[in-house]
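Starting from 1, each residue takes its place in the sequence as its number. Numbering of ligands and ligand atoms starts at 1, following listing order.
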Amino acid sequence: MKRMKAVLTVCLLGALLCACGPTDGAPEAAAPTAAPVLLGFSQLGSESAWRVGSTRSIEEAAERHGVSLMMLNAYQKQEKQIDAIRSFISYRVDVISFAPIVEDGWDTVLTEAKTAGIPVILVDRLITTQDESLYACFVGADFIKEGRSAGEFLLKKADAMGASHLNIVEITGTEDSTPQRQRHQGFHETIEGDERFTVLESISGDFLVSKGEECMRYLLDKYGEDIDVLYSHNDGMTLGAIDAIREYGLAPGSDIIIITVDGEQAAIDLLKAGEINCVVECTPNLGDAVMELAKKLAAGESVPKTSHPDEEVFTEFDDLSDLAPRGY
Ligand code: AHR
């Protein structure tokens with residue numbers, strides 16, 4: 001709250017300075033400058049390097065676009081996100097934006113925003129609602145496509161190995177979140193019906209490095225060397241899982257095929273080193289798109305309901321020598 005007040009004070013001071021007339025003796029300004037758009041953004045937490053990159057992208061883009069930003073971190077708690085949205089409504093921001101930690105449970109607070117006439121941008125993740133008018137638009141990855149890309153890599157890899165059978169374990173993200181649901185769905189749809197694959201178990205690692213390691217230890221204790229493939233919903237959990245695999249005495253990337261999502265620099269480095277086999281990109285760099293949408297909504301313009309960034313897939317079959325540093 002203190003940080004939000006501090007940021008708000010800076011914003012209001014900035015707005016006041018813009019709105020004030022010239023001081024005595026100063027030349028008359030040609031036209032009054034429009035007050036900057038005030039955007040309230042509720043970030044869901046700091047669970048991964050990806051999320052830290054996402055926060056940075058929003059902050060840097062706000063500066064570039066001249067948008068006044070009130071950013072609050074919910075530290076992985078939906079109640080804190082709801083409180084943040086209510087604070088933004090009280091402050092009468094121009095636009096509210098948030099990355100919903102889970103999909104359910106937003107109707108009441110979003111109805112309050114709608115009643116206050118404040119448009120809402122969903123960033124990164126979706127919500128479940130019967131009333132789509134509760135948000136103006138969504139900008140974020142196509143997580144089903146990401147899951148499909150993970151599955152398509154596995155089909156290609158199995159063909160290349162001439163594998164007759166592969167056992168898969170899956171470490172998923174935060175339960176009831178859009179990336180967890182859709183990355184699971186896209187992957188399973190793609191390999192379904194192919195008798196070469198058996199999914200031994202799917203468990204949640206909450207998108208955390210520590211839980212990824214914990215989950216992989218549990219899976220190795222239970223299935224040992226029967227595990228052929230790890231499909232992990234984010235790089236953070238993959239890094240934790242790789243520690244557990246090494247500790248168990250197996251070689252990540254060769255004894256166990258590893259497919260991960262995000263595209264953090266650390267994962268790309270391990271892909272290049274042969275310890276990860278496939279990295280499906282999910283970009284955290286949504287800041288510019290969010291600011292463009294916020295400015296349009298504040299000006300009363302219409303915006304597309306859904307926008308997805310372009311994303312790539314990096315695999316052991318590709319030449320990665322020219323890949324630019326990832327920045328997250
Ligand atoms: O919602 C995007 C996911 O959230 C990223 O894949 C993950 O790293 C983050 O925690």
task: Could I get the full list of side-chain contact (heavy atoms from CB on, under 4.5 Å) partners for Asp319, not counting sequence neighbours?
output: Ser321
query: Parallel, tilted or perpendicular: which fits the ring planes of Phe187 and Tyr231, with parallel below 30° and perpendicular above 60°?
result: parallel
query: For Lys222, what residues pass the salt bridge (Lys or Arg N to Asp or Glu O under 4.0 Å) criterion, not counting sequence neighbours?
result: Glu201
message: Tell me if a side-chain donor or acceptor on Ser57 pairs with a main-chain N or O of Gly53 at a distance below 3.5 Å.
response: no
Pair Arg196 + Asp159: basic N to acidic O under 4.0 Å: yes
task: Could I get the full list of side-chain hydrogen bond (donor to acceptor under 3.5 Å, both in side chains) partners for Lys295, not counting sequence neighbours?
output: His65
Distances for all N or O pairs of ligand 1 and the protein under 3.5 Å?
| unit_1 | atom_1 | unit_2 | atom_2 | d |
| --- | --- | --- | --- | --- |
| ligand 1 | 1 (O) | Arg51 | NH2 | 3.4 |
| ligand 1 | 1 (O) | Asp124 | OD1 | 2.8 |
| ligand 1 | 1 (O) | Asp124 | OD2 | 2.9 |
| ligand 1 | 1 (O) | Arg125 | NE | 2.8 |
| ligand 1 | 1 (O) | Arg125 | NH2 | 3.3 |
| ligand 1 | 4 (O) | Arg51 | NH2 | 3.0 |
| ligand 1 | 4 (O) | Arg125 | NH2 | 2.9 |
| ligand 1 | 6 (O) | Arg183 | NH1 | 2.9 |
| ligand 1 | 6 (O) | Arg183 | NH2 | 3.1 |
| ligand 1 | 6 (O) | Asp262 | OD1 | 2.5 |
| ligand 1 | 8 (O) | Ser48 | OG | 3.3 |
| ligand 1 | 8 (O) | Asn234 | ND2 | 2.9 |
| ligand 1 | 8 (O) | Asp262 | OD2 | 2.6 |
| ligand 1 | 10 (O) | Glu47 | OE2 | 2.4 |
| ligand 1 | 10 (O) | Ser48 | OG | 3.2 |

